[in-house]
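The structure appears right after this line, and notes come after that.
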2 protein chains.
Amino acid sequence: MVEMQLDERKIKIMQAIIRNYLETGEPVGSRTISKYTDLNLSSATIRNEMADLEEMGYILQPHTSAGRIPSDKGYRLYVDTMMEEKDKELEELKEMMLEKEDKMDNLLKQVAKLLAVNTNYATMVSAPAVHRNKLKFIQLSRVDVNQLLAVIVMEGNVIKNNILQVAEELNDETILKLNILLNTHLNGLALEEINLGTISAMKQQAGIHSAIVSDVIDAIAEGIKADEDLEIYTSGANNIFRYPELADQQKASEIINTFEEKQMLTELVQDTLSDESNTGIQVYIGNETPIQTMKDCSVVTATYELGEGMRGTIGIIGPKRMDYDKVIGTLKTITHQLDDLYKKK
Amino acid sequence: MVEMQLDERKIKIMQAIIRNYLETGEPVGSRTISKYTDLNLSSATIRNEMADLEEMGYILQPHTSAGRIPSDKGYRLYVDTMMEEKDKELEELKEMMLEKEDKMDNLLKQVAKLLAVNTNYATMVSAPAVHRNKLKFIQLSRVDVNQLLAVIVMEGNVIKNNILQVAEELNDETILKLNILLNTHLNGLALEEINLGTISAMKQQAGIHSAIVSDVIDAIAEGIKADEDLEIYTSGANNIFRYPELADQQKASEIINTFEEKQMLTELVQDTLSDESNTGIQVYIGNETPIQTMKDCSVVTATYELGEGMRGTIGIIGPKRMDYDKVIGTLKTITHQLDDLYKKK
DNA sequence: TGTTAGCACTCAACTCATTAGAGTGCTAAC
DNA sequence: GTTAGCACTCTAATGAGTTGAGTGCTAACA
């Protein structure tokens with residue numbers, strides 16, 4: 001068998017097939033390509049080329065007498081080498097972002113929604129993992145005879161509240177002392193930097209109230225941990241009904257469920273964040289996705305960064321024939337926008 | 001025309017029709033009823049009765065040669081007069097509830113999920129409106145040179161955080177004074193009870209720092225208001241795919257969207273909460289629902305109360321042929337359970 | 001007078017065959 | 001290497017025929 005190569009013409013045909021399929025969602029025939037492109041080739045010639053492309057695994061036929069559709073490998077080729085990014089009218093998007101919300105979670109919810117409306121795909125945004133974030137401020141206050149409120153503020157003004165049950169009654173002065181103790185020892189530390197040495201030093205200074213120190217440390221750990229099984233915001237799940245290839249009951253139900261449970265989406269976030277090498281944007285086509293229920297979709301994710309150590313993920317989930325150019329362009333804009341937003345604050 | 005009456009027999013037939021339809025989801029024929037019941041009537045007799053029932057508007061025919069299905073009026077009759085509550089094995093449900101979560105929102109999320117899994121319908125839980133709730137405790141702390149953190153704790157340990165930007169630099173002593181000022185004036189008050197008199201008195205005492213008092217009041221108002229466009233948790237939206245009559249694309253998409261947006265669900269909450277007369281449980285059948293997109297569903301809602309003024313709503317959304325007995329029983333259990341939970345704390 | 005048997009009728013749903021049309025592969029000619 | 005052309009394949013759409021569940025109505029029965 002002669003070794004086949006992806007020559008210029010094959011690439012052009014491939015491009016034409018994908019472009020057309022992205023638009024219509026229908027298998028593309030040779031005649032269409034013959035007219036659609038400026039190659040001036042007859043459908044017969046295209047057919048020959050398409051037979052080659054099929055043999056090479058870039059396209060496939062749903063059935064004998066249908067046109068061709070891109071295979072996962074074909075999409076991959078497209079994403080890796082053939083895309084021209086559209087930096088289209090994302091201006092409006094920018095503007096909307098600038099109506100900046102104060103609260104982080106509201107902002108992220110809005111981002112998810114904005115993206116969904118803008119792209120007509122399903123979207124998810126993970127709140128930044130607070131992992132390596134530093135403690136900025138701790139405040140204990142008494143709310144009831146035997147209840148303490150612990151407010152924990154982290155770098156980036158992420159705030160955690162926790163109510164502690166305490167056995168002993170504490171007077172105002174003790175609480176004040178504890179506050180000073182906690183803040184002098186812990187401020188500026190990241191969670192990993194709080195070691196046993198620090199803790200025992202604090203306990204010693206706390207004297208009879210050492211139990212409370214333990215409780216507070218636990219509260220901090222818990223507050224941060226609660227954040228670690230990530231908060232994820234989603235939007236536009238029902239957009240999948242726009243794409244007939246995803247809209248049948250079986251698939252739709254699975255996808256909707258994944259979106260509602262959110263649990264499974266964390267895998268996507270993990271996967272995206274773990275890949276340090278990337279340029280910020282990652283494309284999963286079909287089976288490449290870490291989430292089994294989305295094997296008929298493509299997923300494009302981007303990482304955004306709000307100051308050091310605080311990285312979150314934005315994901316767009318759509319059919320394999322999604323408009324990769326637009327999606328990637330939009331994601332780039334959004335992530336830059338988020339970066340800027342942080343810097344301005 | 002002779003006036004028709006719902007005699008004993010008609011009621012029995014009606015019951016049989018509904019019971020059967022709830023199970024199968026298919027139109028019910030006369031022959032089925034003839035065998036299904038212990039009435040010992042021929043199908044012909046049943047047919048006559050059914051003709052009457054149809055004329056009275058309790059049942060209807062999807063098409064000439066099909067059996068009958070209950071109309072909204074028919075379901076209403078059933079719910080109002082014919083149901084026998086099942087207080088079945090809800091014990092496990094109780095047990096699961098008792099793994100009580102500390103954080104309110106986690107608890108409510110869990111309730112939504114639990115209900116969804118248990119009933120196989122879609123569910124929603126609204127966080128209790130904090131509206132008439134009383135302030136328990138306010139705490140200002142400095143987190144940065146020109147940033148104050150205001151922590152607002154309400155009755156029931158609902159906590160709001162708010163970061164205030166302040167123009168002037170404040171020393172610790174000033175902040176302490178402000179804290180005392182705020183707490184002495186505001187503790188125990190509900191939002192409506194904070195009137196201009198209170199505020200101006202506080203401002204006067206605050207002297208040059210009166211601007212901050214305004215900011216804090218605003219923060220309180222805002223914090224509470226943010227809570228007023230209600231937090232709603234949903235679960236099991238994909239359960240609608242279990243019921244063919246809701247699973248077609250058009251309907252499914254609309255329902256899923258309503259669940260994702262949540263915005264529209266607030267209407268349901270409003271409606272449920274506004275009805276002071278009710279016994280806690282409300283049933284909306286088909287077009288009775290305040291949410292247009294759910295006109296093909298039935299919605300059963302319950303109000304739960306966590307201390308005075310803190311009332312939330314639990315809703316179960318399913319097909320019109322939902323298992324009303326079970327759903328109502330379950331809702332009763334859950335709401336009582338929530339009540340108990342609060343009392344124990 | 002209420003109940004029932006029986007029959008003609010209706011209509012959705014299914015099967016089956018046919019057709020139309022889109023698309024292919026292959027061959028022969030350019 | 002390219003193309004025209006033709007036989008072939010297969011899906012999707014169409015329509016006729018059949019089935020079966022269910023009805024309404026009538027006449028007979030208790």
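Lettering follows sequence order; numbering is per chain, from 1.
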- Query: Does the ring of Tyr75(B) carry Lys320(B) above it, NZ/CZ under 6.0 angstrom from centre and within 45° of its axis?
  - Reply: no
- Item | Earlier contact from the 5' end, DNA chain C, for Asn48(B) and Met50(A) | Asn48(B)
- Find the partner of dT3(C): check Watson-Crick (N1-N3 plus N6-O4 or O6-N4) and G-U wobble (N1-O2, O6-N3) distances, both under 3.5 Å, and reply none if neither fits. dA28(D)
- Task: Please check if the side chain of Ser253(A) supplies one atom and the backbone of Gln250(A) the other of a donor-acceptor pair under 3.5 Å.
- Result: no
- Contact class for Ala66(A) (heavy atom, under 4.0 Å): base, sugar-phosphate, or nothing? sugar-phosphate
- Item | Cationic N near anionic O, under 4.0 Å, Glu261(A) to Lys113(B) | yes
- Looking at Arg9(A), does any N or O in its side chain come under 4.0 Å of the phosphate oxygens OP1/OP2 on dT2(D)? yes
- Atom CD1 of Ile33(B) to atom P of dT23(D): distance rounded to whole Å? 9 Å
- Provide the Watson-Crick or G-U wobble partner of dC16(C), both distances under 3.5 Å; none if there is no partner. dG15(D)
- Give the rounded distance in Å between these two atoms: CD1 of Ile46(B) and P of dG22(D). 13 Å
- Whole Å only: how far is the CD atom of Glu49(B) from the C1' atom of dT3(C)? 11 Å
- Item | Side-chain ion pair, Glu288(B) and Arg76(B), N-O less than 4.0 Å | yes
- Look at the side chain of Glu267(B) and the backbone N and O of Ile291(B), then say whether any donor-acceptor pair between them is shorter than 3.5 Å. no
- Find the distance Ile17(B):CD1 to dG22(D):P and express it as a whole number of Å. 12 Å
- Task: Take Tyr78(A) and Asp325(A), measure what side chain to side chain donor-acceptor pair (under 3.5 Å) needs, and give me the verdict at the end.
- Result: CA-CA 10 Å; Tyr78(A) 180 70; Asp325(A) 298 285; 3.0 Å; yes
Between N or O atoms, less than 3.5 Å apart, protein on one side and nucleotides 7-10 of chain D on the other: list the pairs.
residue : atom : partner  : partner atom : Å
dC10(D) : OP1  : Thr64(A) : OG1          : 3.4
dC10(D) : O4'  : Ser65(A) : OG           : 3.3
dC10(D) : O2   : Ser65(A) : OG           : 2.8

- Task: Take the protein atom CG of Asp52(B) and the nucleotide atom P of dC25(D), then report the distance between them rounded to whole Å.
- Result: 12 Å
- Query: To the nearest Å, how far apart are Ile13(A) CD1 and dG1(D) C1'?
  - Reply: 13 Å
- Message: Rounded to whole Å, how long is the line connecting atom CD of Glu26(B) with atom C1' of dA12(C)?
- Response: 12 Å
- Query: Is any side-chain nitrogen or oxygen of Thr45(A) closer than 4.0 Å to OP1 or OP2 of dT3(D)?
  - Reply: yes
- Decide yes or no, distance alone: a donor-acceptor N/O pair under 3.5 angstrom between the base of dG20(D) and the side-chain of Arg31(B). no
- Looking across every strand, which nucleic acid part, if any, lies under 4.0 Å from Ser30(A) by heavy atom: base, sugar-phosphate, or nothing? sugar-phosphate
- Note on the structure: Separation of dA21(D) atom C1' from Asn20(B) atom CG, nearest Å, is 14 Å
- Task: Determine yes or no for a side-chain-to-main-chain donor-acceptor pair under 3.5 angstrom, with Asn239(A) supplying the side chain and Tyr121(A) the backbone.
- Result: yes
- N/O donor-acceptor pair, side chain Arg68(A) with base dG25(C), under 3.5 angstrom: no
